[in-house]
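A short worksheet on the structure shown next.
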Amino acid sequence: MTETSLIVENLRKTFRTTVAVEDVTFEVRRGEFFSLLGPSGCGKTTTLRCIAGLEKPDKGRIIIGGKDVTNLPPQMRNVGLVFQEYAVFPHMTVYENIAFGLEVKKFPKGEIHKRVLRMAELLNLEEYLNIRAGRLAQALMQRVALARSIVVEPEILLLDEPLTLVDAKIKELMRRELRRYQKELGITILHVTHDQLEAMMVSDRIGVMCQGKILQIGTPIEIYDKPDSIFVARFIGSPTMNLIEGRLEQHNDELFLDADDARIPLYGVPSEKSKLNSYIGKIVVLGVRPEDIEISTQPMKGYFTGKIALIESIGNKLEIIVELNSITLYALSPPRTDLKVGQSIHLKLRPMKVHIFDKTTEKNIMLEEV
C-alpha cells in the first residue's frame, strides 16, 4: 500500500482570464492532517474542488491512493467531502444520514448498522441517532456531516472550511475533537481554511497559499519559526511579525539596521553563517516576532531605546507598542507593573529569532544556504 494518499502535480486552473491555481504541487501522506492555508481568493478551495472532481484542471495530475484520477468523475475518486454549510439531509434522522453513503454503495444491512453505531460512538452521536438532523445545533450537524463522510472509509477526507459557521464559543472544542477523531480513526485529511489558528492547532503540516501558489510547506512550528517569505511571516502569527525596512550595516563586526531615523542593533546575529555579508550596505526587511523582543527598564549592552506608546493586556500577556521615532514595534511581555505609557524602554532582539528578508524577492535570507 502506498505511503501517500494524495499527490498533486503542477496543478493549474483558470476561470476565463483569471488564474486561480498556478503550478501547485504537494503530497499528503497516509494518516496525515494536511491544511491548505491562505486568505480568501488564494486558490485553496479551487485546489480542493479539483481534487474532489468538482472542477477540471487545465493542467497537472491528481493521484489518489496510487491511482491517477485527474479525469475521473467525483464518485470514482474515493474521497469524502465536508463543506462549511452542514450538508446534511435535515428531514432524515442522524442514523439515516450516517448510513446514506453505505446504502448507496449497497453495503449489507448488518454491516451498515455496525458501522453507523461505531461512528456514532466515536463522534459522540449515540443519543441523537433517532433525531432528525435538521433539529440539531450547528456543531452537531457538522459532526453528522463528518460521520457520514468518514463512515464509507474514503482514501482521503476533504474538508472545506468546516468550522467557519460554528459558533465561536464551541469552535475551539470542535478543533480538538476534529484532531482527536482524525488520530483515533487514522484517516487522511486535506483541510482548507483561512484561519491560521485553526490550521496551526489541527495540522501535521501546512501549505501556505497566496495568489494561486503554494509559498511554503512545513509543520506548524516550521512555518511559524522559519517563514521563508515576507508573506508567510506576516500571515502567520498574532500579533503579527514586526517587519522593518532599512539598510543593513556592519560596524566592529556587529550588524545593525539603519531604518530611517532609528538604528537597531542586531547583536549576536550570525552573519558569517549566512549570506548576510553580501547584503551589507543594501536595503533589506528585518523581521522579528513580538515575543522575541526582550524588554528592560534599564539600559544594557546590545539594547536600543524607544518610548512606550500603548500597553494592552491580552490575557496573561502584555502587548507593548513602542515607538522608535517614526518606527513602531510590537513586543509581548509577561504581566508587570513597572511599565507606563510615555516612559523610555530598552529593547533587544533575540539574535537566533531574527529574520532578514531580501526586499526584491521577499525571501528569507537567513534560510538560504551559504
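Centroid-to-centroid, the aromatic rings of Y303 and Y267 stay 6.0 Å apart or farther.
Taking the centre and axis of the six-membered ring of Y279, the NZ or CZ atom of K282 falls inside the cone set by 45° and 6.0 Å. Both the sub-6.0 Å distance and the 45° axial angle are not jointly satisfied by K359 relative to the ring of F357. Judged by the 6.0 Å distance and 45° axis criteria, R205 is not positioned over the aromatic ring of F33.
E161 and H194 share a donor-acceptor pair across their side chains, judged by distance under 3.5 Å alone. Between the side chains of D160 and T45, at least one donor-acceptor pair of N or O atoms lies under 3.5 Å. For N78 and K67, the side-chain atoms include no donor-acceptor pair closer than 3.5 Å. Side-chain contact of D195 with T193: a donor-acceptor pair under 3.5 Å is absent, judged by distance alone.
Minimum heavy-atom separation, T240 to A233: OG1-O, 4.3 Å.
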Pair S5, E155 - check side chain to side chain donor-acceptor pair (under 3.5 Å), show working. CA-CA 6 Å; S5 283; E155 176 67 34; 2.9 Å; yes

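Atom NZ of K114 is surrounded by 12 or fewer heavy atoms from other residues, nucleotides or ligands within 6.0 Å. More than 12 heavy atoms of other residues, nucleotides or ligands shown are found within 6.0 angstrom of CZ on R336.
I314 belongs to a hydrophobic cluster whose other members, connected by ILVMFWY side-chain contacts under 4.5 Å either directly or through intermediates, are L332. The other residues sharing a hydrophobic cluster with V208 are L37, M200, I206, L215, I223, Y224, F231, V232, F235, I236, where clustering joins ILVMFWY side chains under 4.5 Å apart.
When atom types are taken as modelled, the side chain of K44 and the backbone of P39 share a donor-acceptor pair closer than 3.5 angstrom.
A 4.5 Å side-chain heavy-atom check between I64 and I62 finds at least one atom pair inside the cut-off.
One finds a salt bridge joining E22 and R12 here, because a Lys/Arg side-chain nitrogen approaches an Asp/Glu carboxylate oxygen to under 4.0 Å. Of the charged side-chain nitrogens involved, at least one lies within less than 4.0 Å of a carboxylate oxygen, so that R61 and D68 count as a salt-bridged pair.
Under the side chain to side chain contact (heavy atoms under 4.5 Å, CB included) criterion, D258 pairs with R247, E249, F256, not counting sequence neighbours.
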